[in-house]
There are 2 protein chains.
Amino acid sequence: MSDSKSNTGRPRRKNMRAAEREKLIVEEAVRFFAESGFEGQTRELAKRMGISHAVIYRHFDSKDALIERVYDHVYLKRWNPEWEQLILDRDRPLQERLTQFYVAYADRVFDYDWVRIFVSSGLKSYGLTERYLGIIRTKIIEPAALELRESRGGPEALPPSDTPPADEIELFWGLHGAVFYIAIRKYVYNIPLEINVEATVRATVANFFEGALHGTRQANMQAF
Amino acid sequence: MSDSKSNTGRPRRKNMRAAEREKLIVEEAVRFFAESGFEGQTRELAKRMGISHAVIYRHFDSKDALIERVYDHVYLKRWNPEWEQLILDRDRPLQERLTQFYVAYADRVFDYDWVRIFVSSGLKSYGLTERYLGIIRTKIIEPAALELRESRGGPEALPPSDTPPADEIELFWGLHGAVFYIAIRKYVYNIPLEINVEATVRATVANFFEGALHGTRQANMQAF
DNA sequence: AACATAAATGACCGATTGGTCACTTATCTA
DNA sequence: TAGATAAGTGACCAATCGGTCATTTATGTT
């Protein structure tokens, strides 16, 4: 019933509605370009779907148009706007907020397709990664830097400004890099990670706030 | 005299010795593949050098063979074996050793060609990045984790073993990621970094040891 | 059942690709 | 200076690539 082949055993062609076919193509293209890079041929993509590659050009004007759709599907749909509020929630310590954000972020974004397509498009410099990292900067990094400044308080607190100094911003880019590098090792460099990603993210954030000199095992335990 | 063109103004062809031509090809190929990715055409590479692309195939069996040589030239020659001793030098605090290492490492490795070719080859998974990161792990990360254990000492020090527990290893991968992510932002994502790389590396290592809660500005100042 | 319409096909096009080869040209040597 | 040898060239090849199109086939409608 849910089998796409008829009972003759020979795979019978089945015409799909345009919307459904497009969706299938985009989804397969995501995985395909993640594996092969954007040089991957439309013919091979089509073969994986059991269709002629001309079908792709019926539904998409060009290969670039398909890649554009792949971007949409991979990037934009994974950003959770609630994260922007989370960082600013002063009812909870900043460390707790960042821990929750990075755990959720890793859960959403750390997968084969997303990471590889993101890095690939960075190398091709379509300008898309810049735009995406702009979101990270303005919605997470800069607010977090301001929040740290606020939470520290004390005599050294400077008058609040809209953009924190570059070195404090860099501090949080360092945290971001420490976390994201987990995904890079796994999906770009193909290093087999036997670790628990969530636990590692928690430990990374904890260490960011407390420092290695204070001991890691305790930090791991009391994280969050 | 050092001009490669004759005085007629027309660029006169000049036959080079095989060794010299090979060297020129590899050096140009490094920059070329860093820009275009490994899909870049040999014809365009040749055009940049003002020669026919058949020359490349006189000196290299195939494009893959050339890429292999590019790997050698980019990776292996930049690793400084003295770094392996540096990490183990117990006459100085671990933080100081790691600061010196990462400053030197960034100085050697953070450039356009190296970073882009490293990431590109990671995506293609020729197995080369795995090998290189194996060096990082066994020569830097694991020794550093053991050294931290040693330097902490105290009642919680466990009996020394050859391989530290996974979570302590991950801690130092986090530091490595925080540092290397600077290069990724700059050369893969094309983010214009107006910051001073060395100062940022120092601050990153300092924060790794001391933690953000203890204040960053002081950490910056007293780093090293 | 018959028609209209949309979906899918396979052959085809022109440009590009890695790679080869017969030939030309520069350089070294006697 | 003449011949030998190595370096470089441009035309060529076969496979691959993105993209098109006339034709065939499936599906919804009457």
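Numbered from 1 within each chain, the chains take letters A, B, ... in sequence-line order. Any value given below was found using the heavy atoms of this structure, including those in side chains, with hydrogens, waters and symmetry copies removed.
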[X]: partners by salt bridge (charged side-chain N to carboxylate O under 4.0 Å, His left out), with sequence neighbours left out:
X	answer
A/Glu22	A/Arg69
B/Arg131	none
B/Arg137	B/Glu142
A/Lys186	none

Run the side chain to side chain contact (heavy atoms under 4.5 Å, CB included) test against B/Asp89 and tell me which residues pass, sequence neighbours left out. B/Asp91, B/Arg92, B/Arg97
For A/Ile135, what residues pass the side chain to side chain contact (heavy atoms under 4.5 Å, CB included) criterion, not counting sequence neighbours?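 Side chain to side chain contact (heavy atoms under 4.5 Å, CB included) list for A/Ile135, sorted by chain: A/Trp79, A/Lys139.
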Contact list please: residues 49-63 of chain B against DNA chain C, heavy atoms, distance less than 4.0 Å, in numerical order. B/His53, B/Ala54, B/Tyr57, B/Ser62, B/Lys63
Enumerate the residues from residues 19-32 of chain A whose closest heavy atom to DNA chain C is under 4.0 Å, giving them by residue number; use none for an empty result.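 Only A/Arg21 qualify.
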From D/dG18, C/dG18, D/dG28, nucleotide with atom closest to A/Thr42 side chain: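 Among the listed nucleotides, the one closest to the side chain of A/Thr42 is D/dG18.
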How close or far is atom [atom2] of [N] from atom [atom1] of [X], stated in whole angstroms?
X	N	atom1	atom2	answer
B/Leu45	C/dT16	CG	C1'	16 Å
A/Lys47	C/dT9	NZ	C1'	16 Å
A/Asn15	D/dA26	CG	P	7 Å
B/Asp64	C/dG18	CG	C1'	10 Å

Going from CZ on B/Arg78 to OH on B/Tyr105, what distance comes out if it is rounded to the nearest 0.5 angstrom? 10.5 Å
Whichever of B/Arg17 and B/Arg43 has its nearest DNA chain D nucleotide further upstream toward 5':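 The residue mapped nearer the 5' terminus is B/Arg17.
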ring-ring contact (aromatic ring centres under 6.0 Å, His included) contacts in which one or both residues fall within residues 44-70 of chain A, not counting sequence neighbours: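 As it turns out, there is no ring-ring contact (aromatic ring centres under 6.0 Å, His included) pair with a partner in residues 44-70 of chain A once direct neighbours are skipped.
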